[in-house]
Q: 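The structure under discussion is supplied below as structure tokens; questions concerning it will follow.
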Number of protein chains: 2
Amino acid sequence: MQKLTSAKPTPTAVLHRLSLYHCLLTDWLLASKKGAITSKELASTLGLNEVTVRNDLSFLGETPGKRGVGYSIDGLRQMLGEFLGLPPFAPVAFVGSAKVVSSLFSFFLVEKFGFISAAFFSEDPNDRTAVINGREVQSIEAISPELASMGVNIAVVITHPTWVQHSINLLAQAGVKGILVLTPSVVIEAPEGVHVTQIRIPCDLKALFHRVSLLDQQA
Amino acid sequence: MQKLTSAKPTPTAVLHRLSLYHCLLTDWLLASKKGAITSKELASTLGLNEVTVRNDLSFLGETPGKRGVGYSIDGLRQMLGEFLGLPPFAPVAFVGSAKVVSSLFSFFLVEKFGFISAAFFSEDPNDRTAVINGREVQSIEAISPELASMGVNIAVVITHPTWVQHSINLLAQAGVKGILVLTPSVVIEAPEGVHVTQIRIPCDLKALFHRVSLLDQQA
DNA sequence: TAGATTGTTAATCGATTAACAATC
DNA sequence: TAGATTGTTAATCGATTAACAATC
């Protein structure tokens, strides 16, 4: 017999946009924007088709809008947060040197996006006394099952490339189930049962080179 | 009459994988791997279907493989580089504070991926005397048409969120045609004729929260 | 009731995979 | 010739857009 709980997983394209809507609505609420918005407004702000937006939102189960009116900014954000499995402040662990992780925080404003930095682990022995946001930076080897039992299931890896795989393995052993890898590293083994998302800065850059080189030829 | 040069653009999914193959082959060559590889090897290393690999490579025009044999590592990398419009060392400009940009270089090894950091611009007035890789860090306002005329068409933006749009606008004025934005910023206006790629760390994280929350429910 | 906007079903478009002939 | 692996055409799958009925 099939598990009843596991309906089809949300398509990746849809899931990414739902996350994006959640970011946008959070932004609007922080800017004290109130009341209702239409799928048209949402779509045009993000450069999407309005049907795409409505279609995406239909994945939320209970229909979130009012015909003739639109969506409640506050209510829709709430529903999205719930669907995404986001607690009010979502705890994330960070693995990387103190310098790199604190630099990350100077362009990625974690709290504004609803996250909380819950733990820090560094591959650099010189970071044994380092502190970020008033919290001690620990050794990578200190990654342990306490992490997941404390409710930290998600981690960001931004170490030197030589430490990426080891970090992932330790996080997986500690019960972390979702890992975002920012370090460009061509081949990575994802441990069984762990979601590993790789950001590939070099590929994004090479793709841009291609697109731009075509422009040049036309000119 | 239609422009003859502008055939259909390469589909984004294909283009990203072609860039990925280029990264992998570069890696293999740096590790002195020689000779031939098959689409099967390429695919299994990257967790892809081997037909996908062959299909992608068919976009290169002249067929790059030998039936019964496979692909020359060196030859294929060459063809990919040419298709992608990558010079031997591809110049990229970086916009962001000296601290953040130098931190970026400690987890993203630009040269290993075939790039050269060609210019630095910082939004931070304290960076007026800063130097990265022996090159002076300039003010954002110093971004000028010289950039593009020097052959720098691609830039990475990793400033504080408040400076993202301004940086993009200045780069566009300077003739930069491809911009990769690493700073999470929900809404960005892409100037006419400029390719802007946004990396969305918060969305990737929120998507992971969703996937992981489903695992919890099943357990 | 009229106007607006949602939610859903159908149609199109793009991307992936399978099947197979071509050829080294 | 036999074995291997490519390149291409066809079939499937997923994602986007269009059309329209439902309803606030």
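Residue numbering restarts at 1 for every chain, and letters A, B, ... go by the order of the sequence lines.
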Q: C:dG7 phosphate, OP1 or OP2: any side-chain N/O from A:R54 under 4.0 angstrom?
A: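 Checking C:dG7 against A:R54, no side-chain N or O comes under 4.0 Å of OP1 or OP2.
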Q: Within the pair A:R17 and D:dA15, is there a side-chain N or O less than 4.0 Å away from OP1 or OP2?
A: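 For D:dA15, neither OP1 nor OP2 has a side-chain N or O of A:R17 closer than 4.0 Å.
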Q: Of all the choices, C:dA15, C:dT16, D:dG7, which nucleotide is nearest to the side chain of B:N55 once you look at every atom?
A: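 For B:N55, the side-chain atoms sit closest to C:dT16.
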Q: Do the ring planes of B:F113 and B:F108 sit parallel (below 30°), tilted (30 to 60°) or perpendicular (above 60°)?
A: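 B:F113 and B:F108: tilted rings.
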Q: Atom NE2 of B:H16 to atom P of C:dT16: distance rounded to whole Å?
A: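 Those two atoms, NE2 and P, are 12 Å apart.
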Q: Just name whichever nucleotide pairs with C:dT12, Watson-Crick or G-U, keeping both distances under 3.5 Å, else none.
A: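 Checking every strand shown, C:dT12 finds its partner in D:dA15, with both distances under 3.5 Å.
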Q: Provide, to the nearest angstrom, the distance between the CG atom belonging to A:L60 and the P atom belonging to C:dG7.
A: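 Going from CG in A:L60 over to P in C:dG7 covers 9 Å.
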Q: Looking only at side-chain N and O atoms, does A:D204 offer a donor or acceptor that is under 3.5 Å from a partner on B:T197?
A: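 No pair is found: no donor N or O on one side chain lies under 3.5 Å from an acceptor on the other.
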Q: To the nearest angstrom, how far is A:D56 atom CG from D:dT17 atom P?
A: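 Distance, rounded to whole Å: 11 Å.
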Q: If you go through the side-chain atoms of A:R67, does one of them form a donor-acceptor pair with the base of C:dT6 closer than 3.5 Å?
A: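 Looking at the base of C:dT6, it does pair with a donor or acceptor on the side chain of A:R67 (distance under 3.5 Å).
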Q: Which part of the nucleic acid, if any, lies within contact of B:V69, taking any heavy atom under 4.0 Å across all strands shown: a base, the sugar-phosphate backbone alone, or nothing?
A: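 It contacts sugar-phosphate atoms only.
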Q: Where each residue is assigned the nucleotide of DNA chain D containing its nearest heavy atom, which of A:A13 and A:G68 is assigned the position nearer the 5′ end?
A: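 Looking at the nearest nucleotide for each, A:A13 comes out on the 5' side.
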Q: Nearest whole Å is fine: how far is D:dT6 C1' from B:M79 CE?
A: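 Atom CE in B:M79 sits about 14 Å away from atom C1' in D:dT6.
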Q: Would a 4.5 Å heavy-atom cut-off, applied to side chains only, mark B:F105 and B:I132 as touching?
A: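 Heavy-atom side-chain distance check passes, below 4.5 Å.
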Q: Can you check the A:K40 NZ to C:dG7 C1' distance for me, whole Å?
A: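 To the nearest whole Å, that distance equals 17 Å.
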Q: If you check every side-chain atom of B:T52, which of C:dT17, D:dT16, C:dT8 has the closest atom?
A: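 Given the options C:dT17, D:dT16, C:dT8, the side chain of B:T52 is closest to C:dT17.
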Q: Strictly by Watson-Crick or wobble contacts shorter than 3.5 Å, is anything paired with C:dC24, and which nucleotide is it?
A: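 Across any shown strand, C:dC24 pairs with D:dG3.
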Q: Does B:T38 make a side-chain N or O approach to OP1 or OP2 of D:dT5 shorter than 4.0 Å?
A: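 Answer is no, no contact under 4.0 Å.
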Q: Do the side-chain N and O atoms of B:Q173 and B:N169 include a donor-acceptor pair separated by under 3.5 angstrom?
A: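 No, no side-chain donor-acceptor contact under 3.5 Å.
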Q: Could you state the atom-to-atom distance from CD of B:E41 to P of D:dA4 in whole Å?
A: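 Distance check: B:E41 CD to D:dA4 P gives 14 Å.
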Q: How many Å lie between CD on B:E62 and P on D:dT6, as a whole number?
A: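 For the pair B:E62 CD and D:dT6 P, the rounded distance is 18 Å.
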Q: Does C:dG7 have its OP1 or OP2 closer than 4.0 Å to a side-chain nitrogen or oxygen of A:S58?
A: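 No, no such contact exists.
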Q: When the distance from CD of B:E50 to P of C:dA19 is rounded to whole Å, what number comes out?
A: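 Checked: the CD to P distance equals 13 Å.
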Q: Quick one: which of B:V92, B:I154, B:I199 gives a side chain to side chain contact (heavy atoms under 4.5 Å, CB included) with B:L180?
A: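 When side chain to side chain contact (heavy atoms under 4.5 Å, CB included) is applied between B:L180 and each of B:V92, B:I154, B:I199, only B:I199 qualifies.
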Q: Look at the side-chain N and O atoms of A:Y71 and state whether any lies under 4.0 Å from the OP1 or OP2 oxygen of D:dC24.
A: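 The answer is no; no side-chain N or O of A:Y71 sits under 4.0 Å from OP1 or OP2.
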